[in-house]
Amino acid sequence: MLTLNINGQLGNQEVVLSDNSYGQLSGIRIFGTPAGGAQVIQWTFTATGHKHEGFVYAGNLTEGLVINSITGKDQYKIHFIKQ
C-alpha cells in the first residue's frame, strides 16, 4: 500500500508517494441536477512515469481513506500533510 501525501490547503497538486515517486492529483467539482441536486468532487490521480496505476474516486478525501487503483493493482492510503 502506498501513502498519498496531500496538502489539504491545495486542490490540484503534485504529490509525493511514500516510495518517493510522484504523481498528479486533480479534483473536479461535479454538480447534480439543475434543480439543486448534490455536488461531489471527482478526484483523479495519475502517477508520473507510469510506475504505479492511477485511480478515479468520487467523494471527500479523508485521513486514512484507502482507494484502489483502476484495476486494483495498487492501493493508496490518504494522508494529509501541512506545508
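Please read these numbers as outputs of a predicted model, since none were measured by experiment. All values below were derived from every heavy atom in this structure, side-chain atoms included, with hydrogens, water molecules and symmetry-related copies excluded.
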Rounded to the nearest 0.5 Å, what separates atom [atom1] in [X] from atom [atom2] in [Y]?
X     : Y     : atom1 : atom2 : result
Gln39 : Arg29 : CD    : CZ    : 5.0 Å
Gln75 : Thr3  : CD    : OG1   : 11.0 Å
Lys77 : Met1  : NZ    : CE    : 6.5 Å

Taking [Y] as the starting point, is it possible to reach [X] by hopping between hydrophobic residues whose side chains are less than 4.5 Å apart?
X     : Y     : value
Leu25 : Ile81 : no
Ile41 : Val56 : no
Leu61 : Ile30 : no
Trp43 : Leu65 : yes

Over 12 non-hydrogen atoms of neighbours within 6.0 angstrom of CZ in Phe80: yes
More than 12 heavy atoms from other groups under 6.0 Å of CG on Asp19: yes
Derivation and outcome, side-chain contact (heavy atoms from CB on, under 4.5 Å), residues Val40 and Gln42: CA-CA 6 Å; Val40 64; Gln42 177 179 299; 6.0 Å; no
Qualifying residue, where the test is side-chain contact (heavy atoms from CB on, under 4.5 Å) with Ile78 and the options are Thr62, Ile67, Val66: Ile67
Listing, residues 4-13 side-chain donor-acceptor contacts under 3.5 Å, not counting sequence neighbours, or none:
residue, atom, partner, partner atom, Å
Asn5, ND2, Val16, O, 3.0
Asn7, OD1, Gln9, N, 2.8
Asn12, OD1, Gly27, N, 2.7
Gln13, OE1, Asn7, N, 3.0
Gln13, NE2, Asn7, O, 3.0
Gln13, NE2, Leu10, O, 3.4
Gln13, NE2, Gly11, O, 3.2

Stepwise side-chain hydrogen bond (donor to acceptor under 3.5 Å, both in side chains) test for Glu53 and Thr71: CA-CA 8 Å; Glu53 187 174 60; Thr71 67; 2.9 Å; yes
Results of ring pair (Phe, Tyr, Trp, His ring centres under 6.0 Å) for Phe55 - residues two or more places apart only: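 Per chain and number, Phe55 pairs via ring pair (Phe, Tyr, Trp, His ring centres under 6.0 Å) with Phe45, Tyr76.
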Side-chain touch Ser21/His52, heavy atoms, less than 4.5 angstrom: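 Of all side-chain heavy-atom pairs linking His52 with Ser21, at least one is under 4.5 Å.
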